[in-house]
Amino acid sequence: PGAPPVSAPLPGRHLPTLVFYPAVGPGNGAETGGAPGLFHSWPLVVFAEGYDVTPMTYHDVIHHLAASGFVVAAPAFPLETRGGSLNEADLQHEPADIKFVISQALAASTRAGPLHAMIDPAHVGLVGHSDGGEAVLGAAYLPGVADPRVGPVIAMSAGPLIGDPFPPSAHHDLMVVQGTADTVSPPQDADRLYATAPSPKAYLQLLGADHLSPFATADRWRPVAEAVVVDWLDAWFAGPYSGSAAGRLGRDGNVGGVAQVQLG
C-alpha cells in the first residue's frame, strides 16, 4: 500500500470486535461470554490482526493478555479478515480503524455493560501482527493519524513503518518482535525498524521462528512471546508490576536456542 491514509473511519466500515477482559468466572482460565468484569481500572490493548486471518487466530495470545490484567479489543478489519473479501491495500485505512476502536472501547467503559468502569483511559497500548503490526505503527506514529492516547506499541512480524521515518513529534515505547526464519516479513525489515526507532525500545528475536506460528500455535516460541509482550506493557504502564518488569523481560526474553532480546 502506498496511498495516503485517511484520518477517520470510512462511512459504512464495519469493525466487529472481540473483547477479552479480566472477569469473575469459574476459574482455571475458563472463558465465559458476558461474565461480570473483575472490577478494576485496567489498561486497554488494541490487538490488530494480520492479512487473511481472524482475531481468533491469535486467541491464546489475546487470552493471555486478558488473564495478565488487560482489556483487549481485537477488531476484524473489513478487507483483511479471512472469510470475507480481501484487499490488502485496505491496510492504509486501518490506523484510523484502530483509533475508532479505542474511542468505542473507552466510551463503553463509561456506560452500563460488561466494560463499565473497566478501562483506564490513561493507559492505552497497541499490539499488532504482520499487516496489523504496520497498522499499529501507523496509529502511533503517522502524522495526521497518530493517536495521542497511545502509549507502548508492539509490532510483531511487521514490515516497515508506514510513512517511514519515525516522526520526532510522536514518542512511544516500541517493541519489535521478529522470527528469524520469517519469509513473509523479512527479518531485515524488523532490523531496520528497530535500528531507526528512538529509545526506549526492545527487539525480541524468535530464533528459527516463521511468520505466524509463534503467535498462533502451541510451539516453543509462543510462551516467550506472550511473556515478553506482557513484560513490555507492564514496564511502560505505571502500576504495581512496572518495577519488576525490566528484570522479567531479560529473564523471559533470553531463552537458549529459542529467543533473545536486546534493549536500546
Side-chain angles (χ1 to χ4, degrees), residues 5-22 37 40-50 54-55 58 61-63 65-66 68-81 90-156 158 161-163 167 169-175 229-230 232-234 236-239:
V6 295
S7 58
L10 297 179
R13 288 179 74 82
H14 299 282
L15 292 163
T17 300
L18 289 173
V19 181
F20 286 60
Y21 53 90
H40 189 76
S41 188
W42 308 98
L44 172 68
V45 173
V46 176
F47 189 101
E49 64 178 359
T54 76
Y58 309 95
V61 175
I62 294 172
H63 176 104
L65 281 166
S68 299
F70 303 95
V71 174
V72 186
F77 294 117
L79 297 177
E80 292 225 36
T81 301
D90 195 57
L91 171 59
Q92 64 180 303
H93 302 303
E94 291 172 9
D97 291 339
I98 290 168
K99 292 178 65 175
F100 180 76
V101 170
I102 292 171
S103 295
Q104 292 297 105
L106 295 181
S109 185
T110 66
R111 57 178 182 257
L115 295 182
H116 177 65
M118 286 277 287
I119 299 175
D120 179 355
H123 287 159
V124 178
L126 304 179
V127 180
H129 173 257
S130 193
D131 279 7
E134 295 185 42
V136 300
L137 289 168
Y141 294 101
L142 193 60
V145 179
D147 193 324
R149 297 171 295 185
V150 170
V153 177
I154 299 172
M156 308 185 299
L161 171 65
I162 301 173
S169 58
H171 177 81
H172 300 278
D173 311 299
L174 175 65
M175 170 173 278
V229 164
V230 169
W232 189 250
L233 294 172
D234 280 348
W236 297 108
F237 284 140

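In this chain, residues are counted from 1 in sequence order. Atoms considered below: every heavy atom in the structure, side chains included; atoms not considered: hydrogens, waters and symmetry mates.
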Given Y141 and L174, is the side chain to side chain contact (heavy atoms under 4.5 Å, CB included) satisfied, shown in steps?
CA-CA 11 Å; Y141 294 101; L174 175 65; 3.7 Å; yes
Less than 4.5 Å apart, side chain to side chain, heavy atoms only: is that true for [X] and [Y]?
X: V19; Y: L115; value: yes
X: D120; Y: F237; value: no
X: D234; Y: S68; value: no
X: I102; Y: D147; value: yes

For [X] and [Y], indicate whether the former's side chain and the latter's backbone hold a donor-acceptor pair under 3.5 Å.
X: S109; Y: I119; answer: yes
X: S103; Y: K99; answer: yes
X: W232; Y: D173; answer: yes
X: E80; Y: E49; answer: no
X: T110; Y: A107; answer: yes

Of all the heavy-atom pairs spanning [X] and [Y], show the shortest one and how long it is.
X: L233; Y: P152; result: CD2-CG, 3.9 Å
X: P22; Y: F70; result: CD-O, 3.4 Å
X: V71; Y: Y21; result: CG2-CB, 4.0 Å
X: P78; Y: H14; result: CG-O, 3.6 Å
X: H123; Y: A238; result: CE1-O, 3.2 Å
X: H63; Y: F20; result: CA-CD2, 4.2 Å

Rounded distance (nearest 0.5 Å) linking atom [atom1] of [X] with atom [atom2] of [Y]:
X: L142; Y: E134; atom1: CG; atom2: CD; answer: 11.5 Å
X: L126; Y: H172; atom1: CG; atom2: NE2; answer: 8.0 Å
X: Q104; Y: T17; atom1: CD; atom2: OG1; answer: 8.5 Å
X: Q92; Y: D97; atom1: CD; atom2: CG; answer: 11.0 Å

Would W42 and V72 count as a side chain to side chain contact (heavy atoms under 4.5 Å, CB included) if you check the C-alpha gap in whole Å, the side-chain angles of each, and the deciding distance to 0.1 Å?
CA-CA 10 Å; W42 308 98; V72 186; over 6 Å; no
Let me see the working for L15 and V101 under side chain to side chain contact (heavy atoms under 4.5 Å, CB included), right down to the final yes or no.
CA-CA 8 Å; L15 292 163; V101 170; 4.2 Å; yes
Before you tell me yes or no, could you show the steps for V150 and V46 under side chain to side chain contact (heavy atoms under 4.5 Å, CB included), namely the whole-Å CA-CA distance, both residues' side-chain angles and the distance that decides it to 0.1 Å?
CA-CA 10 Å; V150 170; V46 176; over 6 Å; no
